[in-house]
Amino acid sequence: MFSHSSQLLKRAAEYLYVLRAERPGLVKDRRLEEITAEIESRGTYEQTPEELSEAGRLAWRNSIRCIGRKYWASLQVRDCRGLDSADEVFAALCEHLALATNGGRIVSMMTVFAAAPPGGRGIRIWNDQLLRYAGYPQANGSVVGDPGQVEITRVIRALGWRGGPRTPFDLLPLVIEMPGKAPRLFEIPRSLVLEVEIAHPDYPWFAKLGLRWHALPALSNMTFEAGGLRYTAAPFNGWYMLTEIATRNLADEKRYNMLPVIARRLGLKTDNNRTLWRDRALVELNVAVLHSFEKAGVKMVDHHTASKHFLEFEAYEARQGRPTYAEWSWIVPPLSSSTTPVYHRPYESRELRPNFFPQNPAWRDMYSQAEAVEGSRCPVHGL
């Protein structure tokens, strides 16, 4: 069985091999020897800024759940590994929001903070995305806001947040945890958050539903693994595909569940599946979201165009001698699936490195660690 150092060196060597093959001028002749000496000296090593940037772009290219990989080479990687306080991390996240949102002309961006120590806990951003709306459970079992964010909302309130005005779209504060320190709350300045109010080009009543969504999808709870190093805080974003907002966030029964409301406003009978009321309401919701983002000047791609772009990505990869791996259930859009070309193509689901990997919610990890110490209490669950 490999020791940690041996495994780390193996991963580092594998990454350098890929890098030499694709960017031969980027890797110094004795780079592996330098990394070996650094690992032997302190149990880990530090990637050069160029190695880090290329790893970020390759991680996007290797992401088997992403349909938007055609633009992987355009990813801007911000090196923030030298920041060592929660205040500095928050300031960098605010800068990320401003730069990536870019007034609606979304820029693909990644901000990388320090790697986790060998076998240790690294920097964590507790939110699954930098921008999320709170979910407030009600006594009757309903939820005001996003039902998908009920747990993190409860956790954040346990940390001291009083909650917003209890609208369906209250922006959650960020929770930043530095190694060995208690998590801290940070309110995101509203000036950094671009939101789009949802209206329909043909139905004036649609705007009165009060729907909206933020312009930037920035994932913040995944581990970015590159060359054996684990960057546990490395938020990244592309731009929204239409169906992410309309078909999932706003339409899913376990999210905002807007289809029954829209169907009734359309005059459809919702007591009989044969009226196809869900399908008809879902199409109009997608029309409204796409129309609204276009009118607001916010970059968004529809699912048909995204599918076409994915096939172009696949063709480019084939010309480079690389197979395209994908998780079919994530690549195929959740609306009009069989009308998109990716629906009819089989894919092998195989994860390459560098890549992004899920990690447990930070508060659950903290809870487990606290339970392991007799008499200790998790700052969230042990109130």
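Going from atom OG1 of Thr48 over to atom CD of Glu50 covers 4.5 Å, rounded to the nearest 0.5 Å. Atoms NE2 and CG, on His214 and Asn249 in that order, are 7.0 Å from each other to the nearest 0.5 Å. Here Phe310 contributes atom CZ and Lys70 contributes atom NZ; the two are 12.5 Å apart, rounded to the nearest 0.5 Å. In this structure, CD1 in Ile39 is found 4.0 Å from CG in Leu8, a value given to the nearest 0.5 Å. Here CD of Glu348 is found 10.0 Å from CD1 of Ile64. Values are rounded to the nearest 0.5 Å. For the atom pair NZ of Lys28 and CD of Glu33, the computed distance is 11.0 Å after rounding to the nearest 0.5 Å.
With hydrogens and angles disregarded, no donor-acceptor distance shorter than 3.5 Å links the side chain of Ser142 to the backbone of Gln138. In terms of modelled atom types and a separation under 3.5 Å, the side chain of Arg230 and the main chain of Thr223 share no donor-acceptor contact. Not one N or O on the side chain of Asn360 forms a donor-acceptor pair closer than 3.5 Å with the backbone of Asp365. The main-chain N or O of Pro137 is never found under 3.5 Å from a side-chain atom of Arg154 such that the two would form a donor-acceptor pair. Remark: side-chain polar atoms of Arg322 are not paired, donor with acceptor, to backbone N or O of Glu317 under 3.5 angstrom. Although no hydrogens or angles enter the test, the distance criterion places a donor-acceptor pair under 3.5 Å between the side chain of Ser292 and the main chain of Ala199. Distance alone, capped at 3.5 Å, is enough to place a donor-acceptor pair between the Tyr256 side chain and the Pro168 backbone. Using modelled atom types, one side-chain atom of Asp146 and one backbone atom of Gly148 make a donor-acceptor pair closer than 3.5 Å. Thr101 contributes a side-chain N or O that, together with a main-chain N or O of Leu97, makes up a donor-acceptor pair within less than 3.5 Å. Side chain of Thr275 to main chain of Lys269: a donor-acceptor pair is present (N/O by atom type, distance under 3.5 Å, no hydrogens or angles).
Hydrophobic clustering (ILVMFWY, side-chain heavy atoms < 4.5 Å, transitive): Leu259 and Ile245 are in one cluster. One hydrophobic cluster, built from ILVMFWY side chains closer than 4.5 Å, holds both Leu219 and Leu171. Phe293 and Val287 are not part of a single hydrophobic cluster, where members link through side-chain heavy atoms under 4.5 Å apart. Hydrophobic clustering (side-chain heavy atoms under 4.5 Å, transitive across Ile, Leu, Val, Met, Phe, Trp, Tyr) groups Phe169 together with Ile188. A continuous path of ILVMFWY side-chain contacts below 4.5 Å connects Leu266 to Val289, so both sit in one hydrophobic cluster.
Using a 3.5 Å distance cut-off with no hydrogens or angles, the side chains of Ser85 and Asp87 do not pair a donor with an acceptor. Between the side chains of Thr243 and Asn286, no donor-acceptor pair of N or O atoms lies under 3.5 Å.
Within the 4.5 Å cutoff, the side chain of Ile125 has no heavy atoms near those of the Asn221 side chain. Looking at heavy atoms from C-beta onward, His304 lies in side-chain contact with Thr340 at the 4.5 angstrom threshold. A 4.5 Å side-chain heavy-atom check between Asn102 and Lys299 finds every atom pair outside the cut-off. Residues His96 and Thr111 form a side-chain contact, since some pair of their non-hydrogen atoms from C-beta on lies under 4.5 Å apart. Residues Glu314 and Arg345 have side chains in contact (heavy-atom distance under 4.5 Å, counting atoms from C-beta outward). Contact check for Leu58 versus Tyr15: side-chain heavy atoms found under the 4.5 Å cut-off. Inter-residue side-chain proximity for Glu34 and Tyr45 is flagged as unmet; no heavy-atom pair is nearer than 4.5 Å. Side-chain contact check for Pro235 versus Phe113: some heavy-atom pair is nearer than 4.5 Å.
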Requested in this report: Begin with the C-alpha distance, continue with both residues' side-chain angles, and end with the deciding distance and a verdict on side-chain contact (heavy atoms from CB on, under 4.5 Å) for Asn237 and Leu130.
Outcome: CA-CA 10 Å; Asn237 70 270; Leu130 295 183; over 6 Å; no
Report task. Kindly determine whether Leu216 and Ile106 satisfy side-chain contact (heavy atoms from CB on, under 4.5 Å), including the steps that lead there. Result -> CA-CA 7 Å; Leu216 191 74; Ile106 309 297; 3.8 Å; yes
Query raised in the report: Should Trp363 and Glu177 be marked as a side-chain hydrogen bond (donor to acceptor under 3.5 Å, both in side chains) after you check the CA-CA gap, both sets of side-chain angles, and the distance that decides it?
Result: CA-CA 10 Å; Trp363 62 91; Glu177 177 198 343; over 6 Å; no
**Report entry** Glu284 vs Arg265, salt bridge (charged side-chain N to carboxylate O under 4.0 Å, His left out): CA-CA, chis, key distance, verdict
**Finding:** CA-CA 11 Å; Glu284 298 304 338; Arg265 294 301 301 266; over 6 Å; no
**Report entry** Worked check of side-chain hydrogen bond (donor to acceptor under 3.5 Å, both in side chains) between Ser53 and Asp79
**Finding:** CA-CA 8 Å; Ser53 294; Asp79 185 354; over 6 Å; no
Report task. Begin from the C-alpha positions of Glu14 and Arg353 and carry the test salt bridge (charged side-chain N to carboxylate O under 4.0 Å, His left out) through to its verdict. Result -> CA-CA 9 Å; Glu14 290 171 348; Arg353 288 179 169 82; over 6 Å; no
Query raised in the report: Passes side-chain contact (heavy atoms from CB on, under 4.5 Å), Asn273 versus Arg278? Steps please.
Result: CA-CA 8 Å; Asn273 289 333; Arg278 293 182 184 86; 2.8 Å; yes
Report task. Starting from the C-alpha separation in whole Å, work towards a yes-or-no answer on ring pair (Phe, Tyr, Trp, His ring centres under 6.0 Å) for Trp239 and Tyr71. Result -> CA-CA 11 Å; Trp239 48 85; Tyr71 300 98; 5.5 Å; yes
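The aromatic ring centres of Trp72 and Tyr316 sit 6.0 Å or more apart. Taking the ring centroids of Phe224 and Phe236, they lie at or beyond the 6.0 Å cut-off.
Within 6.0 Å of atom CH2 in Trp161, more than 12 heavy atoms from other residues, nucleotides or ligands are found, so the atom counts as buried in its surroundings. The environment of CZ in Phe357 is crowded: more than 12 heavy-atom neighbours from other residues, nucleotides or ligands sit within 6.0 Å. Annotation: Arg350, atom CZ; neighbour count of heavy atoms from other residues, nucleotides and ligands within 6.0 Å does not exceed 12. More than 12 heavy-atom neighbours from other residues, nucleotides or ligands sit within 6.0 angstrom of CG on Asn140.
When every heavy atom of Gly135 is checked against every heavy atom of Thr153, the shortest pair comes out as N-OG1, 3.0 Å.
Look at Glu51 and Arg23 and you find no salt bridge, because none of the NZ, NE, NH1 or NH2 atoms lies under 4.0 Å from a carboxylate O.
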